[in-house]
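Since the structure comes first, as structure tokens, the remarks are kept for the end.
Values reported hereafter were calculated over all heavy atoms of this structure, with side chains retained and with hydrogens, waters and symmetry mates removed. First the proteins, then the strands, lettered A, B, ... as listed; each starts at 1.
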Amino acid sequence: MFERDETIFTDEDVLREDYQPAKLEERDEELESFKAYLQPVINGKQPRNIFLYGKTGVGKTAATRYLLDHLKTDAKQYEDLSITSIYCNCEDLTSSYQVAVELVNRLRSPEDRISTTGYPLNEVYAKLYDEIEAVGGTVLIILDEVDQIGTNDSILYQLPRARANGYLDQAKIGIIGISNDFKFRDSLDPRVEDTLCEREIHFSPYDATDLQAILTRRAELAFHPDVLNSEVIPLCAAFAAQDRGSARQALDLLFESGDLARRNNTERVAEDDVREARRQLEKRQIEQSLVDLTTHGHLTLFAVAFRAKMDKTPARKDAIYTQYQSIADHLEHDPLSDRSVHAHLNELTMLGILDRLEFNEGRAGGIYYKYRLSVDLDTVQSALAEVPTLEGANI
DNA sequence: TATCCACTGGAATATGTGGTCG
DNA sequence: CGACCACATATTCCAGTGGATA
């Protein structure tokens with residue numbers, strides 16, 4: 001029934017997110033500064049706090065992993081050095097409290113985990129300091145996607161000051177904050193900005209040439225020789241550079257193209273595979289963001305999709321709200337206030353599922369928005385069909 | 001060029017859920 | 001159990017917005 005299929009790839013894992021290349025290229029300047037900022041750690045001094053920013057997929061996380069690995073290896077030659085790093089992705093952690101809990105749990109054994117609610121904030125910090133103190137030495141805390149914790153940033157000034165405030169004695173803490181939101185830095189409390197952003201490194205997006213170089217190197221390891229048509233890599237690079245300049249995106253695209261060729265049993269990967277792969281990735285991304293919406297988020301989108309079906313988009317909030325009410329009614333959900341639906345429309349716009357057009361009709365009209373689907377109606381329909389709460393409702 | 005509409009969007013407040021602890 | 005705690009999601013309230021028009 002099963003058999004190995006090795007016509008296209010030699011090792012597809014090379015294209016996956018968790019693959020760590022032996023060398024990190026196209027990021028020389030960034031690595032240079034980063035390395036310099038980590039130097040105090042090797043010297044056994046108080047670590048600097050470092051703040052990395054740049055868009056997603058430009059090598060921030062990879063660079064951090066890469067340097068920390070080297071740092072730990074190189075530290076072994078000095079007996080008086082003990083370096084611990086804790087990596088924490090704040091993606092799903094929306095407050096300082098949750099980050100603190102996560103850090104405590106990282107440091108504790110699995111049977112000793114604490115729950116994510118219930119304790120006073122100070123108590124969680126106290127537990128965290130205890131754990132860090134127990135580890136001792138230099139503790140580097142990496143907070144990835146740190147902008148996700150939003151305005152609730154108390155942990156960002158608690159941690160850097162823990163030692164100064166006498167909570168820590170044995171341990172030296174260094175924070176490495178990673179963010180893809182440039183505005184985040186400006187929104188920080190000035191006290192936090194001073195300490196957290198002591199040293200900053202900016203990662204610029206990759207351009208098409210960088211991406212081509214990266215893809216070419218990976219492709220040599222991942223694919224059999226000569227299975228890629230000559231236009232495949234430049235096209236993947238161009239698509240990704242146009243969009244966000246993300247290496248992650250370019251690699252995903254390359255993998256997906258290869259995978260398509262494999263499934264089609266063709267011997268080579270061609271331009272059409274890349275274009276089709278791009279469509280599929282886009283679709284998958286939308287389906288993914290739909291999964292995370294609340295019931296009323298779904299209903300709101302449903303209402304817009306319904307109007308789109310009848311060719312009545314773009315539509316104003318009022319019209320969408322009326323539509324939403326009748327749908328909610330039909331499905332026996334209590335409708336929300338129009339302000340809340342307005343909030344949902346906003347969120348859908350942020351996710352790139354809806355487009356928002358601005359209007360201003362002046363003296364007697366005022367300003368308002370009109371919304372419409374920003375993606376294929378078909379995609380939305382098939383994604384919504386997967387949502388259990390909408391069972392029985394057809395557009 | 002001052003006005004004025006109909007909305008936007010921030011903020012304060014409320015509600016319900018899931019948790020700890022004595 | 002009851003007092004507390006944090007949080008997601010809604011609700012309510014209202015100051016601000018900005019450009020076509022009088």
Side-chain angles (χ1 to χ4, degrees), chain A residues 88 90-105 108 110-131 145-159 181 183-184 186-189 289-304 307 313-325 327-329 331-351 353-372 387-390:
Chain A
C88 173
C90 307
E91 188 179 19
D92 298 320
L93 311 173
T94 53
S95 69
S96 286
Y97 184 90
Q98 292 180 358
V99 173
V101 169
E102 176 67 20
L103 289 174
V104 169
N105 285 338
R108 291 194 170 187
E111 64 272 17
D112 244 1
R113 297 278 168 87
I114 59 177
S115 96
T116 53
T117 52
Y119 300 103
L121 181 57
N122 282 333
E123 209 164 306
V124 179
Y125 283 147
K127 287 180 202 290
L128 179 57
Y129 295 140
D130 285 349
E131 296 299 331
E145 304 196 38
V146 65
D147 48 293
Q148 292 297 319
I149 69 171
T151 50
N152 200 333
D153 54 8
S154 77
I155 195 167
L156 296 181
Y157 61 84
Q158 287 288 331
L159 277 179
D181 183 359
K183 282 171 288 177
F184 177 67
D186 300 329
S187 70
L188 286 174
D189 189 304
S289 39
L290 282 190
V291 170
D292 299 332
L293 293 176
T294 60
T295 307
H296 289 286
H298 290 132
L299 290 174
T300 308
L301 179 60
F302 197 107
V304 180
R307 290 193 70 89
T313 51
R316 288 175 69 154
K317 189 189 67 178
D318 269 2
I320 296 172
Y321 184 59
T322 313
Q323 190 69 62
Y324 158 87
Q325 278 179 312
I327 291 170
D329 200 45
L331 294 175
E332 297 177 346
H333 281 99
D334 289 337
L336 301 177
S337 66
D338 71 332
R339 178 67 182 83
S340 302
V341 170
H342 166 56
H344 282 298
L345 285 171
N346 240 333
E347 197 191 346
L348 289 164
T349 308
M350 297 272 267
L351 288 170
I353 298 172
L354 296 184
D355 270 340
R356 196 170 77 170
L357 312 168
E358 285 181 56
F359 291 85
N360 190 328
E361 308 252 316
R363 193 174 172 102
I367 47 175
Y368 59 89
Y369 293 144
K370 280 189 175 183
Y371 300 87
R372 69 172 175 215
V387 178
T389 46
L390 297 181

- Residue met sooner reading DNA chain B from 5', once A:R339 and A:Y368 are mapped to nucleotides: A:Y368
Short side-chain N/O contact to [N] OP1/OP2 from [X], under 4.0 Å:
X      : N      : answer
A:H344 : C:dT9  : no
A:Y369 : B:dG9  : yes
A:Q98  : C:dA8  : yes
A:N346 : B:dG9  : yes
A:Y119 : B:dC21 : yes
A:S115 : B:dG18 : no
A:T294 : C:dT9  : no
A:K317 : B:dT8  : yes

I want to verify a distance call: between [options], whose nearest atom is closest to the [X] side chain?
X      : options               : result
A:P120 : B:dC7, C:dT9, C:dC5   : C:dC5
A:L336 : C:dG18, B:dG9, C:dT11 : C:dT11
A:R316 : C:dC7, B:dA6, C:dT12  : B:dA6
A:L121 : C:dT9, C:dA6, C:dC13  : C:dA6
A:E123 : B:dC21, C:dC7, B:dG19 : B:dC21
A:I367 : C:dC7, C:dT11, C:dG18 : C:dG18

Determine the contact category for [X]: base if any of its heavy atoms lies under 4.0 Å from a base atom, sugar-phosphate if only primed atoms, P, OP1 or OP2 are that close, otherwise nothing.
X      : result
A:S340 : base
A:I114 : nothing
A:D318 : sugar-phosphate
A:H342 : base

Please state how far atom [atom1] in [X] lies from atom [atom2] in [N], giving the value in whole angstrom units.
X      : N      : atom1 : atom2 : result
A:Y97  : B:dG18 : OH    : P     : 16 Å
A:H298 : C:dT9  : NE2   : C1'   : 15 Å
A:I320 : B:dC7  : CD1   : C1'   : 14 Å
A:Y321 : B:dT8  : OH    : P     : 14 Å
A:D338 : C:dT9  : CG    : C1'   : 16 Å
A:N360 : B:dA6  : CG    : P     : 12 Å
A:M350 : B:dG9  : CE    : P     : 10 Å
A:I149 : C:dA8  : CD1   : C1'   : 17 Å

- Taking all atoms of both residues into account, what is the closest heavy-atom pair of A:E102 and A:C88, and its distance? CG-SG, 3.7 Å
- Query: Which pair of non-hydrogen atoms, one from A:C90 and one from A:Q148, has the smallest distance, and what is that distance?
  - Reply: O-CB, 3.3 Å
Between [X] and [Y], is there a donor-acceptor pair closer than 3.5 Å when you use the side chain of the first and the backbone of the second?
X      : Y      : answer
A:Q98  : A:T94  : yes
A:H342 : A:S337 : no
A:Y97  : A:Y119 : yes

- side-chain contact (heavy atoms from CB on, under 4.5 Å) between A:Y324 and A:D338, worked out: CA-CA 10 Å; A:Y324 158 87; A:D338 71 332; over 6 Å; no
- A:N105 and A:T116, any side-chain heavy atoms less than 4.5 Å apart: no
